[in-house]
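This report refers to the structure that appears directly beneath it.
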Amino acid sequence: SLSTTWAATYYVDATEGNDTYPGTQSQPWRTISQATLSLRPGDKVIIKAGRYFEQLSPQYSGTSGNPIVYQAETGKQTIVNGIYLYQKSYIRIEGFSTKETNLQGAIHLSTRSNQNQIINCIISANYGNGILIEDSSNNNSISNNKVSLCHYAEGNYQFYNSNGIMVRFGSNANYISGNEFFSNYGSGIFIYKSSNNIVEMNKVYENGAGGIDVNDQESNNNLVTSNIIYRNGQIDTDEQGISFFNSGSGNIARWNAVY
């Protein structure tokens with residue numbers, strides 16, 4: 001499990017901060033970018049509530065014993081223009097919001113981004129997937145997030161690109177638990193060419209396509225358990241609550257409530 005001992009705690013404040021400051025509570029940085037350049041394994045930054053017109057994109061990875069933690073101020077909204085991890089591991093991101101972004105994934109874990117935690121984030125109205133985990137990004141934990149109103153342009157791929165969460169292209173052993181995925185244009189949860197993922201105790205409802213879709217013969221041994229799935233197929237009425245379409249072997253759905 002990820003340790004919770006931090007080497008240092010820093011602060012960011014969009015209104016009172018200055019990037020020439022040391023990043024302390026009394027002299028916080030102004031931008032998230034300054035924090036991403038400064039944090040090293042074991043460090044934590046608390047980002048004050050407000051609207052940040054920048055993407056949260058960590059520049060360094062943590063380690064198994066010393067993750068890097070990006071935490072939004074609790075109890076208030078800290079809004080960012082998306083969250084992007086590229087080849088980054090052992091990072092914990094907690095409590096942020098995104099609204100009306102235009103990104104492949106409002107929260108996007110790409111290209112061997114492993115062992116990260118995305119917790120208590122709120123994603124609304126991204127023009128793309130709400131959360132996108134792709135290209136051999138493994139062992140990430142996605143928990144207690146709310147993702148809604150993601151949509152995409154007209155065309156052949158509009159359902160595929162507007163899911164609450166999409167896990168694709170050899171992204172394995174991710175844990176998706178306790179989230180709400182609702183009112184997205186595509187499916188609530190879509191797993192494509194990925195294996196050994198666990199989808200547990202999520203609420204998935206009123207999405208345009210399916211509730212939970214596991215697709216392609218390269219998707220094996222995914223477990224879909226103890227989810228509540230209802231009133232999906234709002235736009236594509238052929239879609240079901242849970243669909244294993246052309247999927248591989250060992251995929252299991254059990255103990256779900258589907259209605």
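What you see below is based on every heavy atom in this structure, not just the backbone, and it leaves out hydrogens, waters and symmetry mates.
Judged purely by distance below 3.5 Å, without hydrogens or angles, the side chains of Thr101 and Asn126 pair a donor atom with an acceptor atom. Of the N and O atoms on the side chains of Asn138 and Ser136, not one donor lies less than 3.5 Å from an acceptor on the other residue. For the 3.5 Å distance criterion, the side chains of Asn196 and Asn172 fail to qualify, holding no donor opposite an acceptor. Asn116 and Asn140 are linked by a side-chain donor-acceptor pair at a separation below 3.5 angstrom, with hydrogens and angles left out of the test.
When the shell of 6.0 Å around OH of Tyr152 is examined, it contains 12 or fewer heavy atoms from other residues, nucleotides or ligands. By the 6.0 Å contact criterion, CZ on Phe245 is open, its count of non-hydrogen atoms from other residues, nucleotides or ligands being 12 or less. Within 6.0 Å of CD in Glu100 there are 12 or fewer heavy atoms belonging to other residues, nucleotides or ligands.
Note that Arg30 lies outside the cation-pi zone of Tyr21, set by a 6.0 Å cut-off to the ring centre and a 45° limit from the axis.
Aromatic ring pairs are classed by plane angle as parallel below 30°, tilted from 30° to 60° and perpendicular above 60°; the pair His151 and Tyr127 is perpendicular. Taking the six-membered ring where tryptophan is involved, the planes of Tyr192 and Phe169 are perpendicular, since the angle between them exceeds 60° and thus also 30°. The aromatic rings of Tyr205 and Phe182 sit parallel to each other, their planes meeting at less than 30°, with 60° as the upper class boundary.
The shortest non-hydrogen separation linking Thr98 to Ile123 is OG1-CG2, 3.5 Å.
Atom NZ of Lys193 and atom CG of Asn220 lie 11.5 Å apart (nearest 0.5 Å).
The salt bridge (charged side-chain N to carboxylate O under 4.0 Å, His left out) search around Arg231 returns Glu206, not counting sequence neighbours.
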